[in-house]
Amino acid sequence: MAAYLIRRLIQAALILLGVSLVTFFLLYLLPADPVRQIAGRSATAQTVQNIREQLGLDQPFVVQYWRYLSGLVQGDFGRSYLQKSEVAVLIWARLPASLLLMAGAISCELLLGLTMGIVAALRRGSMTDQSLMITSFIGVSAPQFVVGLLLLYVFAVRLGWFPIGGYGTFRHLVLPSLTLGILGSGWYSRMMRSSMIDVLRQDYIRTARAKGLARRRVIFRHALPNAILPIIAMIGIDIGIFMGGIVVVESVFGWPGIGQLAWQAIQRVDIPIIMGVTLVSACAIVLGNLLADLVTPFIDPRIRLR
Amino acid sequence: MTEASIPEKMPSRSAQPRSALSRLLARKMALVGMAMILLTVLGAIFAPWLTPYEPNLQMFDGLTIEGAPLPPGGEFVFGTDLLGRDLLTRILYGARTSLIIGVAANGLALLIGTLVGITAGYFRGWVGSVLMRFTDLMMAFPALLLAICLAAIFQPSLWIVALVIAMVNWVQTARVLYTETTSLATREFIAAERTLGAGTMRILFRHILPHLVPTIIVWGTLGISTTVLLEATLSFLGIGVQPPTPSWGNIIFENQTYFQAAPWLVFLPGAAILMLALAFNLVGDALRDVLDPTQRGRD
């Protein structure tokens, strides 16, 4: 176990190193000049040159990357070009909002997805099953920005049940969480349905039924725990999809998280922030995958970590 | 997360195309999906004949006296946008954008994914290691963030957007085909071919690739749905297909500030995106059931 963990952590570190290299290189190729953004339109050629030297942007790629990397291993993400602040501080300040949104979204997708999947599996082949599965297809096919705007229009603009945007109370959290959760609930309901159907076919369920146990007890005590656990382990893998989704959803709802930070930085070519958010997201994805793999053997002892 | 549905075993070639097609046509949802795709394709091709307006024509009578867009109904069936252009016309021409990008980007992604997957799966060794580690690396990228960065780097045009999407979307295919190729490569008939002196290229393309065709078809169909959604999202953020070329995403991008007063400008193109993505998902899912024997009897 310890050896496995160490090997996986080394792999994760190498992947993050690769992500940093690729992102840094892509941003190095950027034709939009960050120095122009900082200096403003009226700056003289001399000022532009000074800023370029000050930021070390006149150095060759390898030197720039090495500098960034040596800062990174000491926990230094560099300074924002435009916000005159440490990137780490900016990200740290925005992280709680994004984590809150993620928690809300995971609750939504599990609640919706698992319920739909269980009901569909229990009524397999019925009209209910079919309409639930079509709903799940619509969920995975709907563009998140359209879902977001639709929820905003119906529940905020028309009905006035929730605020139009912003951050702070529970009511602010509902619509963005739902927007992010609908996509995932489509996937979860389909997986939950097929997992539940598989479990219901097993001999131990037949035995439980044959013993004369009540249907409710068979479903909730014998079938559900076995069907649900492998699905729960998928949450770790979800994180990658969330990380993309929050850029869109935070911009639609004006949610002050790292997605919005990244989007503003991309528009203003604030390279250190883009680098920072990409690395934090990659880190979350890698850890999520690792977590999913680590949890699996506890759920199913037949699977051993290799 | 879609990996949960990766078929473990390959459907053998005896899953004859004829019976697969008839089984596909027997599925109601697949038929609905195919009908929606056909509708979109016809709308895109015959757009100039279906509507009397030009997609970029700003019409005087397309706006109210106060300069507001016209709601659906009346002379303009879907209403008009902020610049007084006919929305139905823009949606019809926008279908061209979605379909071109869907097919081009996804075709390229499929090609890259297939080449990486089967090369890594067949050669193993350091070639395979390097390729698969790179694939792992790509998996760790938040795909949308990467696409946004890439789209911001290049000046976005239709083909650049397609290229960006392909560069992000090949990863899943590569992973799936890698797994299948590794198991195929150890089978007896491949070893037999090798002893008979078949060259590597011959084994890869004559003996391994044909076994992967069902998987490629399934992932290719589902991939178009992902591609359509990604293009719409990039265009919605303003870094995809650039106006005035209409795309469903950029119609929403152009009009979203006004969406409380003119919701049709967001929800009609939104419905078009949903419909096309849903259609390819329905067909792709049916294809998976039909082509993959391990999935049979699940519904």
Side-chain angles (χ1 to χ4, degrees), chain A residues 11-12 14-16 18-19 22-23 26-27 29-32 124-125 129 133-134 137-138 140-147 149-150 152-153 157 164 184 187 190-191 194 197 230 234 237-238 240-245 247-248 251 262-263 266-267 269 274 277-278 281-286 289, chain B residues 1-5 28-29 32-33 133-134 136-155 168 225-226 228-230 232-233 236-239 248-249 252-253 256 259-260 263 266-267 269-271 273-282 285 295 298-299:
Chain A
Q11 270 177 15
L14 287 176
I15 284 181
L16 290 177
V19 169
V22 172
T23 319
L26 286 176
L27 294 170
L29 296 176
L30 212 66
R124 190 176 166 199
D129 177 21
M133 285 305 104
I134 292 173
F137 261 125
I138 295 175
V140 299
S141 314
Q144 285 181 321
F145 58 96
V146 176
V147 174
L149 289 170
L150 184 66
L152 259 183
Y153 184 72
V157 178
I164 290 189
W187 290 116
R190 297 176 63 74
M191 287 189 299
S194 78
I197 287 175
M234 305 289 296
I237 299 165
D238 256 12
I241 299 166
F242 276 126
M243 283 300 169
V247 177
V248 175
S251 104
W263 178 228
I266 287 166
Q267 288 171 305
V269 209
I274 306 177
V277 176
T278 309
S281 311
C283 206
I285 294 173
V286 169
N289 281 324
Chain B
M1 58 193 307
T2 34
E3 267 172 282
S5 48
K28 233 184 292 169
M29 282 300 113
V32 172
R133 288 301 83 77
F134 184 65
D136 286 346
L137 187 90
M138 292 294 295
M139 293 285 284
F141 263 106
L144 186 61
L145 210 57
L146 179 64
I148 291 173
C149 282
L150 286 172
I153 290 174
F154 303 108
Q155 284 303 324
V168 174
S225 169
T226 323
V228 167
L229 289 175
L230 196 52
T233 306
F236 166 72
L237 291 171
I239 49 176
W248 294 338
I252 300 177
F253 165 71
Q256 61 162 327
F259 97 96
Q260 296 190 20
V266 168
F267 300 127
I273 303 168
L274 169 65
M275 200 183 87
L276 193 59
L278 178 63
F280 281 107
N281 268 334
L282 288 175
D285 189 67
Q295 296 283 320
R298 285 212 168 193
D299 49 2

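Keep in mind that what you see is a predicted model, and the values were worked out from it rather than measured. Every chain is numbered from 1 and lettered A, B, ... according to where its sequence line falls, protein lines coming before strand lines.
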> Is chain B contacted by the side chain of Leu150(A), its backbone, both, or neither, given a heavy-atom distance below 4.5 Å?
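Contact with chain B involves both backbone and side-chain atoms of Leu150(A).
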
> Output, in order, the C-alpha distance, side-chain angles, deciding distance and verdict of side-chain contact (heavy atoms from CB on, under 4.5 Å) for Thr233(B) and Gln144(A).
CA-CA 8 Å; Thr233(B) 306; Gln144(A) 285 181 321; over 6 Å; no

> If every non-hydrogen atom of Ala140(B) is compared with every non-hydrogen atom of Val286(A), which pair is closest and at what distance?
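Smallest heavy-atom distance, with atoms named: CB-CG2, 3.8 Å.
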
> Output the distance between atom CG (Leu26(A)) and atom CZ (Phe141(B)), rounded to the nearest 0.5 Å.
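With rounding to 0.5 Å, CG (Leu26(A)) is 6.5 Å from CZ (Phe141(B)).
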
> Given heavy-atom pairs under 4.5 angstrom as the criterion, report whether the side chain, backbone, both or neither of Val157(A) touches chain B.
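Looking at Val157(A), just its side chain touches chain B.
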
> Heavy-atom distance under 4.5 Å to chain B: side chain of Thr23(A), backbone, both or neither?
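Contact with chain B involves both backbone and side-chain atoms of Thr23(A).
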
> Starting from the C-alpha separation in whole Å, work towards a yes-or-no answer on side-chain contact (heavy atoms from CB on, under 4.5 Å) for Leu274(B) and Ile138(A).
CA-CA 7 Å; Leu274(B) 169 65; Ile138(A) 295 175; 4.0 Å; yes

> Identify the heavy atoms of Val248(A) and Phe236(B) that sit nearest to each other, and give their distance.
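Here Val248(A) and Phe236(B) meet closest at CG1-CE2, 4.4 Å.
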
> Pick one of side chain, backbone, both or neither for Ile239(B), based on which atoms fall under 4.5 Å of a heavy atom in chain A.
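The answer is the side chain of Ile239(B).
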
> Got a second to check how far Gln11(A)'s CD is from Arg133(B)'s CZ, nearest 0.5 Å?
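It comes to 6.0 Å.
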
> Measuring heavy-atom distances to chain B, does Ile15(A) have an atom under 4.5 Å in its side chain, in its backbone, in both, or in neither?
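Looking at Ile15(A), backbone and side chain both touch chain B.
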
> Starting at CG of Leu144(B), measure out to OG of Ser281(A) and round the result to the nearest 0.5 Å.
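Here the rounded value is 10.5 Å.
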
> Quick check on Val147(A) against chain B: is it the side chain, the backbone, both or neither that has a heavy atom closer than 4.5 Å?
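Neither; nothing under 4.5 Å.
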
> Would a 4.5 Å heavy-atom cut-off, applied to side chains only, mark Leu149(A) and Ile252(B) as touching?
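The answer is yes; the side chains approach within 4.5 Å.
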
> What pair of heavy atoms forms the shortest contact from Met139(B) to Ile285(A), and how long is it?
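Of all heavy-atom pairs spanning Met139(B) and Ile285(A), the closest is O-CG2, 3.8 Å.
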
> Enter the distance from Leu278(B):CG to Phe137(A):CZ here, rounded to the nearest 0.5 Å.
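Going from CG on Leu278(B) over to CZ on Phe137(A), the span is 8.0 Å.
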
> Work out which heavy atom in Ser141(A) is nearest to a heavy atom in Leu229(B); give both atom names and the distance.
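For Ser141(A) versus Leu229(B), the nearest heavy atoms are O-CD2, 3.3 Å.
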
> Before giving the answer on side-chain contact (heavy atoms from CB on, under 4.5 Å), spell out for Ile164(A) and Gln260(B) the whole-Å C-alpha distance, their side-chain angles and the decisive distance to 0.1 Å.
CA-CA 11 Å; Ile164(A) 290 189; Gln260(B) 296 190 20; 3.8 Å; yes

> Which one of Leu230(B), Leu282(B), Asp136(B) has the most heavy-atom pairs closer than 4.5 Å to chain A?
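Ranked by heavy-atom pairs under 4.5 Å with chain A, first place is Leu282(B).
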
> Taking all non-hydrogen atoms of both residues, which atom of Ala262(A) and which atom of Leu145(B) are closest, and how far apart?
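Looking at all heavy atoms of both residues, the closest pair is CB-CD1, 4.2 Å.
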
> Nearest 0.5 Å please: distance from the CE atom of Met133(A) over to the CG atom of Asp285(B).
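Spacing of CE (Met133(A)) from CG (Asp285(B)) equals 10.5 Å.
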
> Less than 4.5 Å to any heavy atom of chain A: does that hold for the side chain of Phe259(B), its backbone, both, or neither?
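Both parts, backbone and side chain.
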
> Could you tell me which portion of Met138(B) (side chain, backbone, both or neither) has an atom closer than 4.5 angstrom to a non-hydrogen atom of chain A?
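Neither the backbone nor the side chain of Met138(B) comes within 4.5 Å of chain A.
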
